[in-house]
Amino acid sequence: MVTINYRSAEIKLAESVYDPAEDSYLLADAAVGHAEDGMRVLEIGTGTGFVSAVVQANRKVKLIATEINPYAAACARSNGIEVIRTDMFAGIRKDRQFDLIVFNPPYLPTSEDEKVPGWLNYAFDGGIDGRTSIRYFSEEVSGYLAPGGTILLLVSSLTGIKEVSERMQAYGLKTKIVASVKCSFEELVVIKATGHSCPGEQK
Amino acid sequence: MKKDLMEILACPVCKGDLILNIEKEDGNEVISGTLYCPRCNEYYPIEEGIPNMLPPELRE
């Protein structure tokens with residue numbers, strides 16, 4: 001069995017589950033940087049559980065994760081993550097709020113003939129423009145964000161960083177790029193989004 | 001899943017409250033059982049500690 005050790009976390013990998021790559025490391029580092037002890041943390045689409053496991057290994061947080069792929073959900077659980085098998089936020093109560101919400105979405109622009117077979121497709125397929133999951137996420141996420149809470153969203157230059165930021169701003173979120181790395185054919189960034197401060201409140 | 005995950009879980013269809021039926025547990029962990037939505041009259045299985053909150057047509 002293949003395992004990865006990173007920042008005091010040990011993560012087992014599995015068949016039909018996205019292997020942690022540059023995007024996962026970038027997001028895990030950003031998540032540890034923003035997580036504080038005592039926070040309620042939600043990861044959407046956790047895959048192997050890599051990002052969540054790295055956060056849990058470095059911060060005393062109350063963390064849950066969602067995942068649609070059954071192989072990935074089982075893998076994440078084997079890595080010590082409290083995982084719910086569900087589509088994005090579907091199985092989570094409307095009135096539940098989290099201090100930190102982390103998402104490494106399927107962000108690759110994908111046509112019908114570029115889809116990969118089976119559950120693994122959920123890890124890559126961002127629809128024709130790469131932003132299908134991100135649109136849904138942007139629409140829903142504010143309802144689950146605690147006042148003063150933070151969203152960390154990983155996207156690629158292939159997805160359209162400006163378009164994603166504008167989409168989140170359209171839902172009243174403030175956005176800022178807090179991490180980036182250049183890979184062979186793309187740039188990966190972490191977009192930090194926070195709720196607007198109340199009228200009259202200085203930030 | 002831990003029993004206190006019930007504070008977070010909702011029916012994925014109507015977002016209503018669920019009723020937990022435990023078949024197998026280990027301390028605070030529910031290993032298998034079901035989550036029942038009375039409004040939708042639908043059962044969501046818990047298997048090997050993972051609640052499966054997918055609508056029935058998407059379950060494997």
Side-chain angles (χ1 to χ4, degrees), chain A residues 12 14-17 39-49 52 56 61-99 101 117-122 136 140 143-146, chain B:
Chain A
K12 300 190 261 300
E15 290 280 323
S16 299
V17 185
M39 277 186 173
R40 297 158 294 175
V41 180
L42 171 66
E43 184 182 12
I44 300 295
T46 191
T48 59
S52 285
Q56 278 190 166
V61 293
K62 194 167 166 56
L63 184 149
I64 64 162
T66 69
E67 173 57 51
I68 196 166
N69 171 347
Y71 304 104
C75 181
R77 182 167 167 85
S78 78
N79 286 320
I81 308 306
E82 179 81 329
V83 63
I84 303 166
R85 189 166 168 224
T86 198
D87 187 8
M88 308 277 278
F89 299 97
I92 300 176
R93 287 170 65 132
K94 278 277 184 198
D95 54 356
R96 284 300 169 261
Q97 295 187 324
F98 299 86
D99 304 298
I101 301 177
W119 288 101
L120 193 56
N121 189 59
Y122 280 98
Y136 180 76
E140 292 283 312
Y144 299 92
L145 190 66
Chain B
M1 58 170 259
K2 294 199 175 57
K3 285 176 191 167
D4 65 7
L5 194 65
M6 289 305 294
E7 294 166 18
I8 284 171
L9 292 174
C11 172
V13 178
C14 75
K15 288 281 190 179
D17 288 344
L18 298 162
I19 297 164
L20 171 66
N21 299 296
I22 299 172
E23 284 160 17
K24 189 178 163 198
E25 61 190 313
D26 181 8
N28 195 32
E29 285 276 338
V30 182
I31 307 298
S32 64
T34 57
L35 295 157
Y36 175 63
C37 174
R39 207 183 316 180
C40 300
N41 190 27
E42 189 61 66
Y43 287 91
Y44 300 94
I46 304 166
E47 291 161 339
E48 295 181 27
I50 302 171
N52 185 343
M53 309 308 293
L54 292 182
E57 65 272 17
L58 284 178
R59 277 176 212 156
E60 202 181 28

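Order of the sequence lines fixes the chain letters, A, B, ..., with proteins taken first and strands second; residue numbering starts at 1 for each chain. Only a predicted model underlies this, so the values are computations on that prediction, with no experimental measurement involved.
Rounding to the nearest 0.5 Å gives a distance of 12.5 Å between CD1 of B/I50 and OG1 of A/T86. Taking CD from A/E82 and CD from B/E29, the interatomic distance works out to 6.0 Å, rounded to the nearest 0.5 Å. Distance CD1/B/I8 to CZ/A/F98: 4.5 Å, rounded to 0.5 Å.
Using a 4.5 Å cut-off between heavy atoms, A/I84 contacts chain B through both its backbone and its side chain. Contacts between A/R93 and chain B at a heavy-atom distance below 4.5 Å involve backbone atoms as well as side-chain atoms.
When each of A/V83, A/I92, A/D95 is checked for heavy-atom pairs under 4.5 Å with chain B, A/I92 comes out on top. Residue with the most contacts toward chain A among B/D17, B/I46, B/V13: B/D17 (heavy-atom pairs, distance under 4.5 Å).
Listed for the B/K15 side chain is a donor-acceptor partner under 3.5 Å among the backbone atoms of A/A90.
Between A/R40 and B/E7, none of the side-chain N atoms (NZ, or NE/NH1/NH2) sits under 4.0 Å from a carboxylate O, so this pair counts as no salt bridge.
Counting non-hydrogen atoms of neighbouring residues, nucleotides and ligands closer than 6.0 angstrom, the NZ atom of B/K3 exceeds 12 such neighbours.
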